[in-house]
Engineer: 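So that we are looking at the same thing, I have put the structure below in structure tokens.
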Amino acid sequence: MRIGFGYDVHKYSEDRKFILGGVEIPYEAGLLGHSDADVLLHAVMDAILGALALGDIGKHFPDTDEKYKGISSIKLLKYVYEKMDNSGYRIGNIDCTVACQKPKLLPYIDRMRENIADVLNTDMSFISVKATTEEKLGFTGRMEGVKAYCVCLLEEK
């Protein structure tokens, strides 16, 4: 059994789509990043890579490499899944929290969970995604960006 923790943050950008958990959410701004800036999936990937002691997403998908520019984080998560699978592990569970003042995420959470479960070849009941606003405190409360935390448990197959 292995435990991993992931964290990521991206600031808002008016010229981008808002993508979270592989779901495009209608909003006036998206998140800035080299890939699609899916802060939730980035935290999930970092948690899994951390549990496997394989570094972080910057090591595997450097923002200096043009082949990752604008790439879907779903594709990157598939790569991380293959690393996990080839290492002899499967998902025990994943628990995520997204801190985001706006937009409201509740209507999209089940689709995010489905996307993550599909890529990681597990049941949706093992994937938790929660959202909080942080009550207008800090950079997320000031609507400067979004952050996500993730804890994962990997089990030997």
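The first residue in the sequence is number 1, and the count goes up from there.
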Engineer: Is the side chain of His60 donor-acceptor paired with the backbone N or O of Leu76 at a distance under 3.5 Å, no angle test?
Structural biologist: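 No, His60 side chain to Leu76 backbone: no donor-acceptor pair under 3.5 Å.
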Engineer: Do Val80 and Leu153 belong to the same hydrophobic cluster, where Ile, Leu, Val, Met, Phe, Trp and Tyr are linked whenever their side-chain heavy atoms lie under 4.5 Å apart, directly or via other members?
Structural biologist: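 In one cluster: no.
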Engineer: Would you check if Ile25 and Met112 make a side-chain contact, meaning some heavy-atom pair closer than 4.5 Å?
Structural biologist: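 Side-chain contact under 4.5 Å: yes.
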Engineer: Taking Glu155 for the side chain and Gly92 for the main chain, is one N or O donor matched with an acceptor at less than 3.5 Å?
Structural biologist: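 Between the backbone of Gly92 and the side chain of Glu155 there is no qualifying donor-acceptor contact (under 3.5 Å).
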Engineer: Between Ser72 and Ile74 (side chain of the first, backbone of the second, donor and acceptor by atom type, cut-off under 3.5 Å), is there such a pair?
Structural biologist: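 Checking the backbone N and O of Ile74 against the side chain of Ser72, a donor-acceptor pair under 3.5 Å is found.
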Engineer: Consider only side-chain heavy atoms of I, L, V, M, F, W and Y, link residues closer than 4.5 Å, and tell whether Phe5 and Ile3 are in one cluster.
Structural biologist: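 Yes, Phe5 connects to Ile3 through the hydrophobic network.
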Engineer: Once rounded to the nearest 0.5 Å, what's the spacing between atom NZ of Lys69 and atom OG1 of Thr64?
Structural biologist: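 That separation rounds to 12.0 Å.
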Engineer: Should Val98 and Leu105 count as side-chain neighbours, where that means a heavy-atom distance under 4.5 Å?
Structural biologist: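 A side-chain contact under 4.5 Å exists here.
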Engineer: Please answer: with hydrophobic residues joined when any side-chain heavy atoms are less than 4.5 Å apart, are Tyr149 and Tyr108 in the same cluster?
Structural biologist: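 Different clusters: Tyr149 never reaches Tyr108 through Ile, Leu, Val, Met, Phe, Trp or Tyr contacts under 4.5 Å.
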Engineer: Within a strict 4.5 Å, meaning less than it, do heavy atoms of the Val146 and Val9 side chains meet?
Structural biologist: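 Result no, sub-4.5 Å side-chain heavy-atom pair not found.
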Engineer: Kindly indicate whether the side chain of Ile48, heavy atoms from C-beta on, has any atom under 4.5 Å from the side chain of Leu120.
Structural biologist: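 Sidechains of Leu120 and Ile48: in contact.
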Engineer: Are Tyr7 and Ile127 co-members of a hydrophobic cluster defined by side-chain heavy atoms under 4.5 Å apart?
Structural biologist: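 Not linked; separate clusters.
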Engineer: Sequence neighbours excluded and cut-off under 3.5 Å, please list the side-chain donor-acceptor pairs for residues 11-24, or say none.
Structural biologist:
unit_1 : atom_1 : unit_2 : atom_2 : d
Tyr12  : OH     : Lys102 : O      : 2.5
Arg16  : NH1    : Gly33  : O      : 2.6
Arg16  : NH2    : Ser35  : O      : 2.5

Engineer: If two hydrophobic side chains count as joined below 4.5 Å and joins carry through other members, does Tyr79 share a cluster with Tyr89?
Structural biologist: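 Result: yes, single cluster for both.
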Engineer: Which pair of heavy atoms, one from Glu134 and one from Ala99, lies closest together, and at what distance?
Structural biologist: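 Minimum heavy-atom contact is CD-CB, 3.7 Å.
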Engineer: Can you name the closest pair of heavy atoms from Lys104 and Gln101 and give their distance?
Structural biologist: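 What the structure gives for the nearest pair is NZ-O, 4.5 Å.
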Engineer: How many angstroms lie between atom CZ of Arg142 and atom NZ of Lys136, to the nearest 0.5 angstrom?
Structural biologist: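 It is 13.5 Å, given to the nearest 0.5 Å.
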Engineer: If I take atom CD1 from residue Ile116 and atom CD from residue Glu114, how far apart are they, to the nearest 0.5 angstrom?
Structural biologist: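 Between atom CD1 of Ile116 and atom CD of Glu114 there are 11.0 Å.
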Engineer: Taking the side chain as every heavy atom from C-beta outward, state whether Thr122 and Ile94 have any pair of such atoms under 4.5 Å apart.
Structural biologist: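 Of all side-chain heavy-atom pairs linking Ile94 with Thr122, none is under 4.5 Å.
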Engineer: Looking only at non-hydrogen atoms, find the nearest pair between Gly55 and Lys59 and report the distance.
Structural biologist: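 It is CA-CD, 4.2 Å.
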Engineer: Roughly how far apart are Lys147 NZ and Leu40 CG, rounded to 0.5 Å?
Structural biologist: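 Nearest 0.5 Å value for the NZ-CG distance: 14.5 Å.
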Engineer: List the steps and the verdict of side chain to side chain donor-acceptor pair (under 3.5 Å) for Asp63 and His34.
Structural biologist: CA-CA 6 Å; Asp63 63 6; His34 187 67; over 6 Å; no
Engineer: Nearest heavy-atom pair of Val129 and Ile109: which atoms, and what distance?
Structural biologist: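 In terms of heavy atoms, the two residues are closest at O-CG2, 3.3 Å.
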Engineer: Decide yes or no on salt bridge (Lys or Arg N to Asp or Glu O under 4.0 Å) for Asp110 and Arg113, but give the supporting numbers first.
Structural biologist: CA-CA 5 Å; Asp110 280 344; Arg113 292 175 61 221; 3.1 Å; yes
Engineer: Mind checking the SG-CE spacing from Cys150 to Met45? Nearest 0.5 Å is all I need.
Structural biologist: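 Between atom SG of Cys150 and atom CE of Met45 there are 10.5 Å.
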Engineer: For the CG atom of Asn93 and the SG atom of Cys152, what is their distance to the nearest 0.5 Å?
Structural biologist: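 One finds 8.0 Å between CG of Asn93 and SG of Cys152.
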Engineer: So do Thr97 and Lys130 actually touch side chain to side chain, heavy atoms under 4.5 Å?
Structural biologist: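 They are in contact (side-chain heavy atoms under 4.5 Å apart), so the answer is yes.
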Engineer: Mark yes or no for whether Asp46, through its side chain, and Ile57, through its backbone, hold a donor-acceptor pair below 3.5 Å.
Structural biologist: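 Such a contact is found between Asp46 side chain and Ile57 backbone.
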Engineer: With a 3.5 Å distance limit and no angle check, can you tell me whether Asn86 reaches the backbone of Glu82 through a side-chain donor-acceptor pair?
Structural biologist: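 Here the side-chain-to-backbone pair exists.
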Engineer: For the side chain of Asp36 and the backbone of Ser73, is there at least one donor-acceptor N/O pair under 3.5 Å apart?
Structural biologist: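 The answer is yes, because a donor-acceptor pair under 3.5 Å joins these two groups.
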Engineer: Is Lys157 atom NZ crowded by more than 12 heavy atoms from other residues, nucleotides or ligands, each under 6.0 Å away?
Structural biologist: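 Result for NZ/Lys157: enclosed.
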Engineer: Does some side-chain heavy atom of Leu32 sit less than 4.5 Å from a side-chain heavy atom of His10?
Structural biologist: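 Counting from C-beta outward, His10 and Leu32 never come under 4.5 Å.
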Engineer: Specify the closest pair of heavy atoms between Met84 and Ile91, including all atoms of both residues, with the distance to one decimal.
Structural biologist: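 Here Met84 and Ile91 meet closest at SD-CD1, 3.6 Å.
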